[in-house]
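Written out below as structure tokens is the structure these notes cover.
Sequence positions, counted from 1, serve as the residue numbers for this chain.
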Amino acid sequence: MEVEPRRADAEGSDGDGAEITRLCRTLVPLAAAGKYAEAASTYRWVARASTGAPLRYGDHALRLEFCALTGNEHGGLDLLSLLDGVGDHADAVDRLEFFASAAVLTRRLSETGYGEIRFVLDGPYDGLTLAMLHRRMRAAAFVEAEELDEGDPTGYFTAHAERKMAAKPVADFVPLLPSALPRVPILPPPDLTAEELVTRAEIHNHRCEPEEARACLAAIETVPEGIAPRLAELRAIFFQGGDTEERLRRAAAGFRRQGDETRFLLNQCWLGLWLVFDDQAETGVALATVAAARLRAGTDDRAACWGEYWLAHVLSGQGRTPEAYEALRRGAERAQEAGDPLLHGTLLCLEASLRNGDGEDPATTLELAQAATDAFIVGNVGEKAVEAVEQVRIAYERTGSLDELDVFVENLLATLPVGGPERLRGHLRQLRALSLIGTGRFADAVDDAYASLGVAASKGKDNAEHWYVLVTALHGAGRYDEVLDVAPRAIDLLGGLPDWGHRCRWMYADTYRALGESSRAFNEYAVLAEILEKSGDTGHSYISVSMAAAEQLDLLGYGANAADFYARAADAAVAIGGGYVAATCRNAATLSRLRSGDLDAALTALDAAESAVHAVETETAPAREHLVAQLDHVAAHVLSAAGRIREAARRALSAAETFHRIGEAESARDVGLLLEQILLGEQK
């Protein structure tokens, strides 16, 4: 059974979505007028109201356009997933609007340096770069416009599509969530030479900033002969494919022709690593070993250190970790002497990672990871600092020293210099949010969770954990409206993490329950129950979710359906030996049948409840007495409705006495009132 959801209709939206459409049309004008808070609030409302609604491509086109023109291009990527079905949509104008808005979005993404990113979607556009997708969207929009203009000499729709696709941003950035930050630019400065762009890409490579490196490589048009091998090598590294080995070898040949022995040897290290992970281990190890040894014997300290780094990767991949540790030790000592904090931290961090992975002494690992963190802070290398702190976290967790981890995080947050790596600051706030949630301080965790998500998203590094932590903090703090804004995104990202995903779905459903949106709450509980059942998880989670769904159905007046959900929960409880829970469900199912007006079904359900309650023997005496009293209370309702007044009164009296005896005064009062009604003939 499906209960029709109410989509945020506290705001007055009507059933056909006209209110959603009206508000979508205000998005760009609000932003253009500088009313950013109102625009963001409206966008969140529309996104929430559209969840689970029939697809209205015209509305989604307006949302895409808003994202494209307000610095939220990456947020609009989720809406592009609707492309798979837009070609089959019946309304030609909506198709035109969606294609044109998608063209604006992909144009903006390309203009800001993301044109080489590949779009992932099961459908005709899967695997295209965003730059190529822009061209496809633009062409599709004109096709739709030309068909609509057939017989119209004014060419209205073609002109409309052209104007729309040429639209310029109306705001630099409209934050859609608290603490949201604009995307950090990845484009290199204009007017750099090809050689400067290659050098910049190499720096980004060492700093673990792949998107920035790709943007530099994409900006190179004419390739001077002098940098061709370097460019070939970088493109092989950052755009990997079936011909990666061949391209690396061509780069090596170029370095040899130029007489650049250092770059040739570094290339051989990288090629060796590639071969090892391409099932050519013997050749790969030999290449990397020889190249690293020759670099070690040379005078270029930085090159020698990178040689040791790649050799350690190769050796560890073959299980030769003692040799890998020795290579890293040599490299770290030389990097420290050379005064290169980035390289020193990189070598220390890799060793900490390997030691954590191998279960080595946590004390040594902590020392390495903390030293790496310090080095990366000095070098202001945010991404690598986050990696180092993660190794610190893993080491503390291995020792069970979570309190010490909290102290480490607080100290680092307090001492992180102004202008230090914001990516690290955001990650530390994420760790603090997790700690606060773990101790039940949800309200205190909210600001950290928002800030952490904002920093990570600004770098394109937000992941399922960021969103899950935010949902958990908001739900625990009772900030339910905000849960509805962020939970759908979290659920989408948690598809591969069932434990977190199921928990997040439960919080989403529970939020609707807390807000009194029983129809939406039921639908979300029912979806989760179905997911759990299909996955074979019909244990405690399935039982509690089915009971929650039943409660919402009762509130909606669907008693018979509620009884079915209670019955499913009861069957699942019996299967895992949960007789007490099963009996509770049978009692609840009996009342639901009665509320549905089916007295015969209620009497049958009462018999099942009697059997379930009397089958419970393992509980403590007070718990079992509570269950019996609950059954007597339910029986009094059903028997009274059946006209069996004496039996009903006897059961009500028994329930009241039991509740008094076990100290449940409120329940005793409720049954006492029922008994009065029965005796006065008011309860039927």
Side-chain angles (χ1 to χ4, degrees), residues 198 201-202 204-208 210 213-214 217 223 225-335 343 346-358 360 387:
V198 167
E202 290 169 341
H204 285 307
N205 180 26
H206 292 156
R207 291 172 59 87
C208 197
R214 290 189 184 98
L217 299 176
V223 183
E225 179 62 28
I227 64 165
R230 294 166 63 191
L231 183 58
E233 180 181 66
L234 286 167
R235 284 178 171 166
I237 292 171
F238 285 104
F239 302 100
Q240 295 176 11
D243 61 345
T244 295
E245 179 185 344
E246 178 187 348
R247 289 188 290 159
L248 285 170
R249 290 189 182 280
R250 282 205 305 267
F255 291 135
R256 268 286 166 87
R257 284 195 303 271
Q258 293 176 347
D260 192 336
E261 188 69 4
T262 297
R263 289 191 185 278
F264 169 77
L265 293 173
L266 287 170
N267 169 281
Q268 296 299 282
C269 290
W270 217 99
L271 178 58
L273 179 65
W274 177 263
L275 293 175
V276 165
F277 290 99
D278 193 39
D279 296 325
Q280 301 179 62
E282 186 175 348
T283 304
V285 171
L287 273 179
T289 301
V290 171
R294 291 173 63 184
L295 287 166
R296 189 182 311 131
T299 58
D300 189 326
D301 291 332
R302 296 186 74 257
C305 292
W306 282 115
E308 302 288 16
Y309 176 79
W310 293 118
L311 177 61
H313 266 297
V314 169
L315 293 171
S316 64
Q318 298 304 295
R320 295 164 59 178
T321 47
E323 295 171 77
Y325 294 154
E326 183 61 23
L328 290 169
R329 183 191 60 76
R330 289 192 302 265
E333 289 177 355
R334 196 159 176 176
L343 191 46
T346 297
L347 290 153
L348 294 174
C349 190
L350 178 57
E351 184 174 352
S353 175
L354 294 176
R355 288 183 178 277
N356 268 329
D358 292 339
E360 299 280 355
E387 182 184 344

Requested in this report: Check each of Leu311, Asp301, Thr346, Thr262 against Trp306 using the side chain to side chain contact (heavy atoms under 4.5 Å, CB included) test, and report the only one that passes.
Outcome: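 By the side chain to side chain contact (heavy atoms under 4.5 Å, CB included) criterion, Trp306 pairs with just one of Leu311, Asp301, Thr346, Thr262: Thr346.
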Is the backbone of [Y] close enough, under 3.5 Å, to the side chain of [X] for a donor and an acceptor to pair up by distance?
| X | Y | value |
| --- | --- | --- |
| Thr244 | Gln240 | no |
| Arg250 | Ala232 | no |
| Asp300 | Arg302 | yes |

Query raised in the report: salt bridge (charged side-chain N to carboxylate O under 4.0 Å, His left out): which pairs involve residues 305-324, sequence neighbours left out?
Result: Arg296-Glu308, Glu308-Arg330, Arg320-Glu323
Supply the atom-to-atom distance [X] [atom1] to [Y] [atom2], rounded to the nearest 0.5 angstrom.
| X | Y | atom1 | atom2 | value |
| --- | --- | --- | --- | --- |
| Gln268 | Arg294 | CD | CZ | 8.5 Å |
| Trp270 | Leu273 | CH2 | CG | 6.0 Å |
| Leu265 | Leu271 | CG | CG | 12.0 Å |
| Arg247 | Phe239 | CZ | CZ | 9.0 Å |
| Leu347 | Arg329 | CG | CZ | 12.0 Å |

Query - Candidate pair Glu351 and Leu354, rule side chain to side chain contact (heavy atoms under 4.5 Å, CB included), full reasoning - result: CA-CA 5 Å; Glu351 184 174 352; Leu354 294 176; 5.7 Å; no
Report task. Would you name the heavy atoms of Gly331 and Cys305 that are closest together and state the gap between them? Result -> O-SG, 3.3 Å
Query - Closest non-hydrogen atom pair, Leu266 against Ala303 - result: CD2-O, 3.6 Å
Report task. Not counting sequence neighbours, which residues clear salt bridge (charged side-chain N to carboxylate O under 4.0 Å, His left out) with Glu202? List them please. Result -> Arg230, Arg263
Sequence neighbours left out, cut at 3.5 Å: what donor-acceptor pairs do the side chains of residues 282-289 make with other protein atoms?
{"residue": "Thr289", "atom": "OG1", "partner": "Val285", "partner atom": "O", "Å": "2.7"}

Query raised in the report: Between Phe264 and Arg256, is there a cation-pi geometry (under 6.0 Å to ring centre, at most 45° from the normal)?
Result: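 Relative to the ring axis of Phe264, which defines the angle, Arg256 lies inside both limits.
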Query raised in the report: Strictly by modelled atom types, are Asp260 and Gln258 linked by a side-chain donor-acceptor pair under 3.5 Å?
Result: no
Report task. Give me the ring orientation class for Tyr309 and His313: parallel if the planes are under 30° apart, tilted from 30 to 60°, perpendicular past 60°. Result -> perpendicular
